[in-house]
Peer 1: 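My questions will all concern the structure given below.
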Amino acid sequence: MASVTFENVTKRFGDVVAAKDQNLEVQDKEFLVLVGPSGCGKSTDLRMIAGLEEITEGKIKIGDKVVNDVPPKDRDIAMVFQNYALYPHMNVYDNMAFGLKLRKFPKEEIERRVNDAAEILSIEPLLDRKPKQLSGGQRQRVALGRAIVREPKVFLMDEPLSNLDAKLRVQMRTELSKLHDRLQTTVVYVTHDQTEAMTMGDRIVVLKDGYIQQVDSPLELYNHPVNMFVAGFIGSPAMNFMDAKIEKDGDDYYAEGFGAFRIKVPDKFKEELKGYEEKRVVFGIRPEDLTDARITHDLDITEDNSFEAEVEVVEPMGSEIYLYLAIDEHEMIARVDAESDAEVGDKIKLGVYPQKMHIFDNETEEAIF
């Protein structure tokens, strides 16, 4: 296996910059996920690693070798596409074996690799079938098998689960994670689905408009986003943002929402707020860090950590309830316990877990804490 390194990589399509001065190291045997909205440059990054797109500036290394001018077939990578890209006239065995036959591998070696991959993916009974006789999940396994038989240094996966239904996607996420643990391979995985990113990646790269916003473990991204974009992109439902200002009252700091709320900032964040007194900021709180004060058991509700809001929509989700709320001119979501009996039109008190709050600079949108 091998690492993959970006050194000041830029990619332009005419006047459009798809990747801007990117520096990144994918470690050997790591499962790295590139995530971001459509058009952020994640598939372009993958195609540059594969050699399907030329680099405008910078270097890409696979292991210690600079591969800028190395043809795709000589990069020792295998790619799994969104649309599977199977040959419709070939059966599963021949689809998986095709690349090895082109490289003139001995027949016995081809047979061993195909059978080993089929066993790993539990598709041995499907080897004689044509792609049209397979379900979406089975086709995806065959596409993975075709990559596995190559025994490449790096696996590249471009939204491989996006054509599957919701239940199968969850199942295949688990299967891919198990497969990575078993094969101990380097994987670069592209998705726009942050749930996929959070559940599968050792580390996640969050991209926006060709720029790398943050590279971190899933929990670090969730708990310590570097800016509002990352905070809003990671987590479902998305983080609530509200305009606020910082008030100092004696030795204490408060995030004040222009009459709508006044939340005391925990002492551990005081240092970060020096210089922000009376300044506009953005207050952020995740839906799961709000609670219906009437049923809260593990938070001592006081005026310093609660505010009122009106319920506009109630979405029962089984084990929890999503409350869509109005607070002054702001809209927000609370993910509360299923015990809540809140109804549309109710004015309810919401408790805030203060240790979970985030404050962002109003101008730069970067996290203050």
Peer 1: For Lys29 and Thr185, run side-chain contact (heavy atoms from CB on, under 4.5 Å): C-alpha distance rounded to whole Å, both residues' side-chain angles, the deciding distance at 0.1 Å, then the answer.
Peer 2: CA-CA 5 Å; Lys29 300 179 184 177; Thr185 55; over 6 Å; no
Peer 1: Should Val9 and Ile60 count as side-chain neighbours, where that means a heavy-atom distance under 4.5 Å?
Peer 2: yes
Peer 1: Would Phe13 and Thr56 count as a side-chain contact (heavy atoms from CB on, under 4.5 Å) if you check the C-alpha gap in whole Å, the side-chain angles of each, and the deciding distance to 0.1 Å?
Peer 2: CA-CA 9 Å; Phe13 296 96; Thr56 308; over 6 Å; no
Peer 1: Could you tell me whether Lys347 and Glu308 make a salt bridge, using a distance below 4.0 angstrom between a side-chain N and a carboxylate O?
Peer 2: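 No.
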Peer 1: Is there a salt bridge (Lys or Arg N to Asp or Glu O under 4.0 Å) between Glu277 and Lys248 once you walk through the steps?
Peer 2: CA-CA 6 Å; Glu277 296 89 343; Lys248 192 161 190 267; 5.3 Å; no
Peer 1: So if you build clusters from Ile, Leu, Val, Met, Phe, Trp, Tyr with side-chain heavy-atom gaps below 4.5 Å, do Ile359 and Phe229 land together?
Peer 2: no
Peer 1: Is the backbone N or O of Thr364 less than 3.5 Å from a side-chain atom of Asp361, with the two atoms forming a donor-acceptor pair by type?
Peer 2: yes
Peer 1: Who are the ring-ring contact (aromatic ring centres under 6.0 Å, His included) partners of Tyr211, not counting sequence neighbours?
Peer 2: none
Peer 1: Hey, does the Lys NZ or Arg CZ of Arg286 hover above the aromatic six-ring of Tyr222, less than 6.0 Å from the centre and inside 45° of the axis?
Peer 2: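 Flagged: Arg286 positioned over aromatic ring of Tyr222.
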Peer 1: Examine distances only and state if a side-chain atom of Lys42 and a backbone atom of Val206 form a donor-acceptor pair shorter than 3.5 Å.
Peer 2: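 No.
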Peer 1: Just checking, any donor-acceptor pair under 3.5 angstrom between side chains of Glu331 and Tyr324?
Peer 2: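 No.
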Peer 1: List in chain and number order the residues that pass side chain to side chain contact (heavy atoms under 4.5 Å, CB included) with Arg113, two or more places apart in sequence or in another chain; answer none if no residue qualifies.
Peer 2: Leu100, Phe105, Glu109, Val149, Glu151
Peer 1: I'd like to check the side chain to side chain donor-acceptor pair (under 3.5 Å) partners of Asp21; sequence neighbours left out, ordered by chain and number.
Peer 2: Asn8
Peer 1: Near Asp64 CG, under 6.0 Å, is it more than 12 heavy atoms from other residues, nucleotides or ligands?
Peer 2: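 Count not over threshold, so no.
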Peer 1: What verdict does the salt bridge (Lys or Arg N to Asp or Glu O under 4.0 Å) test give for Arg262 and Glu256, after you've listed the backbone C-alpha separation in whole Å, the side-chain angles of each residue and the deciding distance to 0.1 Å?
Peer 2: CA-CA 4 Å; Arg262 189 171 188 261; Glu256 202 165 274; 2.9 Å; yes
Peer 1: Under the side chain to side chain donor-acceptor pair (under 3.5 Å) rule, collect the residues that match up with Lys104, sequence neighbours excluded.
Peer 2: none
Peer 1: For Leu52 and Met79, what are the C-alpha separation, side-chain angles and deciding distance, and is it a side-chain contact (heavy atoms from CB on, under 4.5 Å)?
Peer 2: CA-CA 11 Å; Leu52 302 175; Met79 195 157 179; 4.0 Å; yes
Peer 1: For the pair Lys349 and Glu303, find out whether any cationic side-chain nitrogen is under 4.0 Å from an anionic carboxylate oxygen.
Peer 2: yes
Peer 1: State yes or no: do Val265 and Leu299 share one hydrophobic cluster built from I, L, V, M, F, W and Y residues joined by side-chain heavy-atom distances below 4.5 Å, directly or via other members?
Peer 2: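 No, Val265 and Leu299 fall in different hydrophobic clusters.
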Peer 1: Restricting to pairs with a member in residues 64-96, which pass ring pair (Phe, Tyr, Trp, His ring centres under 6.0 Å), not counting sequence neighbours?
Peer 2: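 Counting only pairs at least two positions apart or across chains, the ring pair (Phe, Tyr, Trp, His ring centres under 6.0 Å) contacts touching residues 64-96 are Tyr87-Phe98.
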Peer 1: Any side-chain heavy atom of Pro237 sitting closer than 4.5 Å to one from Arg335?
Peer 2: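 When only atoms from C-beta onward are counted, Arg335 and Pro237 do touch, with a gap below 4.5 Å.
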Peer 1: For the pair Asn115 (side chain) and Glu111 (backbone), establish whether a donor and an acceptor sit closer than 3.5 Å, ignoring hydrogens and angles.
Peer 2: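 The answer is yes, because a donor-acceptor pair under 3.5 Å joins these two groups.
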Peer 1: Taking NZ, NE, NH1 and NH2 as the nitrogens, is one of them in Glu247 or Lys245 under 4.0 Å from a carboxylate oxygen of the other?
Peer 2: yes
Peer 1: Can Ile148 be reached from Leu134 by stepping across I, L, V, M, F, W or Y side chains whose heavy atoms are under 4.5 Å apart?
Peer 2: yes
Peer 1: Using the rule given for ring-ring contact (aromatic ring centres under 6.0 Å, His included), can you reason through Phe261 versus Phe283, listing the C-alpha separation, both sets of side-chain angles and the distance that settles it, and then say yes or no?
Peer 2: CA-CA 11 Å; Phe261 65 91; Phe283 172 85; 4.9 Å; yes
Peer 1: Is the shortest distance from a Lys or Arg side-chain nitrogen in Arg12 or Glu57 to a carboxylate oxygen in the other one below 4.0 Å?
Peer 2: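 Salt bridge between Arg12 and Glu57, a charged N being under 4.0 Å from a carboxylate O: yes.
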Peer 1: Side chains of Gln140 and Met172: closer than 4.5 Å at any heavy-atom pair?
Peer 2: yes
Peer 1: For the pair Lys101 and Asp94, find out whether any cationic side-chain nitrogen is under 4.0 Å from an anionic carboxylate oxygen.
Peer 2: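 Yes, charged N to carboxylate O under 4.0 Å.
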Peer 1: Quick one: list whatever passes side chain to side chain contact (heavy atoms under 4.5 Å, CB included) with Ser177, sequence neighbours left out.
Peer 2: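 In terms of side chain to side chain contact (heavy atoms under 4.5 Å, CB included), with neighbours along the sequence ignored, Ser177 is linked to Met200.
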Peer 1: Report yes or no: do Met357 and Ile234 belong to one cluster of Ile/Leu/Val/Met/Phe/Trp/Tyr joined by side chain heavy-atom distances under 4.5 Å?
Peer 2: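 The answer is no; the residues belong to distinct hydrophobic clusters.
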Peer 1: For Pro218, enumerate each residue passing the side chain to side chain contact (heavy atoms under 4.5 Å, CB included) test, keeping only those at least two apart in sequence or located in another chain.
Peer 2: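 Side chain to side chain contact (heavy atoms under 4.5 Å, CB included) check on Pro218 returns Met198, Ile204.
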Peer 1: Provide the closest heavy-atom pair for Ile62 versus Ala2 in the form atom of the first, atom of the second, distance.
Peer 2: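 It is CG2-CB, 4.2 Å.
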Peer 1: How far does CG of Asp216 sit from CG of Leu221, to the nearest 0.5 angstrom?
Peer 2: 5.0 Å
Peer 1: Measure from NZ or CZ of Lys356 to the centre of the six-membered ring of Tyr353 and say whether it is under 6.0 Å with the direction within 45° of the ring axis.
Peer 2: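 Judged by the rule, Lys356 and Tyr353 form no cation-pi pair.
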Peer 1: With a sphere of 6.0 Å drawn around CD of Glu278, does it hold more than 12 non-hydrogen atoms of other residues, nucleotides or ligands?
Peer 2: yes
Peer 1: Looking only at side chains, do Gln82 and Ser162 share a donor and an acceptor under 3.5 Å apart?
Peer 2: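 Distance-only check passes for Gln82 and Ser162.
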Peer 1: Return the orientation label for the Phe241 and Phe360 ring planes: parallel under 30°, perpendicular over 60°, tilted otherwise.
Peer 2: perpendicular
Peer 1: So if you build clusters from Ile, Leu, Val, Met, Phe, Trp, Tyr with side-chain heavy-atom gaps below 4.5 Å, do Ile285 and Ile327 land together?
Peer 2: yes
Peer 1: Please list all pairs passing the ring pair (Phe, Tyr, Trp, His ring centres under 6.0 Å) test where one or both residues lie in residues 27-71, with sequence neighbours left out.
Peer 2: Phe31-His180, Phe31-Tyr189
Peer 1: Find out whether Lys59 and Phe6 are in side-chain contact, i.e. whether some heavy atom of one side chain is under 4.5 Å from a heavy atom of the other.
Peer 2: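 Lys59 does not reach Phe6 side chain to side chain.
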Peer 1: Is there a side-chain contact between Asp76 and Val154, using heavy atoms and a 4.5 Å cut-off?
Peer 2: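 Not touching, per the 4.5 Å side-chain cut-off.
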Peer 1: Can you find a pair of side-chain heavy atoms, one from Ile333 and one from Leu290, that are under 4.5 Å apart?
Peer 2: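 The answer is no, as the side chains (C-beta and beyond) never meet within the 4.5 Å cut-off.
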Peer 1: Can you find a heavy atom in the side chain of Val282 that is under 4.5 Å from one in the side chain of Met228?
Peer 2: yes
Peer 1: Taking salt bridge (Lys or Arg N to Asp or Glu O under 4.0 Å) as the cut-off, I'd like each qualifying pair that reaches into residues 115-124, sequence neighbours left out, listed once.
Peer 2: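 As it turns out, the salt bridge (Lys or Arg N to Asp or Glu O under 4.0 Å) pairs with a partner in residues 115-124, which skip direct neighbours, are Arg112-Asp116.
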Peer 1: Just jot down the salt bridge (Lys or Arg N to Asp or Glu O under 4.0 Å) partners of Asp341, sequence neighbours excluded, or say none.
Peer 2: Arg294
Peer 1: Output the rest of the hydrophobic cluster of Leu219: all Ile, Leu, Val, Met, Phe, Trp and Tyr residues reachable through side-chain heavy-atom contacts under 4.5 Å, sorted by chain and number.
Peer 2: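 The other cluster members (ILVMFWY side chains, heavy atoms under 4.5 Å, direct or chained): none.
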Peer 1: Asn227 and side chain to side chain donor-acceptor pair (under 3.5 Å): which single residue from Gln214, Glu365, Glu366, Gln213 fits?
Peer 2: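 When Gln214, Glu365, Glu366, Gln213 are each tested with Asn227, the side chain to side chain donor-acceptor pair (under 3.5 Å) holds only for Gln213.
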Peer 1: For a side-chain contact (heavy atoms from CB on, under 4.5 Å) check, start with the C-alpha distance between His330 and Asp243, then their side-chain angles and the critical distance, and finish with the verdict.
Peer 2: CA-CA 9 Å; His330 289 92; Asp243 294 327; 4.1 Å; yes
Peer 1: Look at Lys270 together with Asp267 and state whether they make a salt bridge at an N to O cut-off of under 4.0 Å.
Peer 2: yes
Peer 1: Scan for salt bridge (Lys or Arg N to Asp or Glu O under 4.0 Å) pairs involving residues 184-204, sequence neighbours excluded, and state none if there are none.
Peer 2: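 Counting only pairs at least two positions apart or across chains, the salt bridge (Lys or Arg N to Asp or Glu O under 4.0 Å) contacts touching residues 184-204 are Glu30-Arg203, Arg169-Asp193, Arg169-Glu196.
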Peer 1: Quick one: do the Thr291 and Thr296 side chains pair a donor with an acceptor below 3.5 Å?
Peer 2: yes
Peer 1: Is the shortest side-chain heavy-atom distance between Gln138 and Gln133 below 4.5 Å?
Peer 2: no
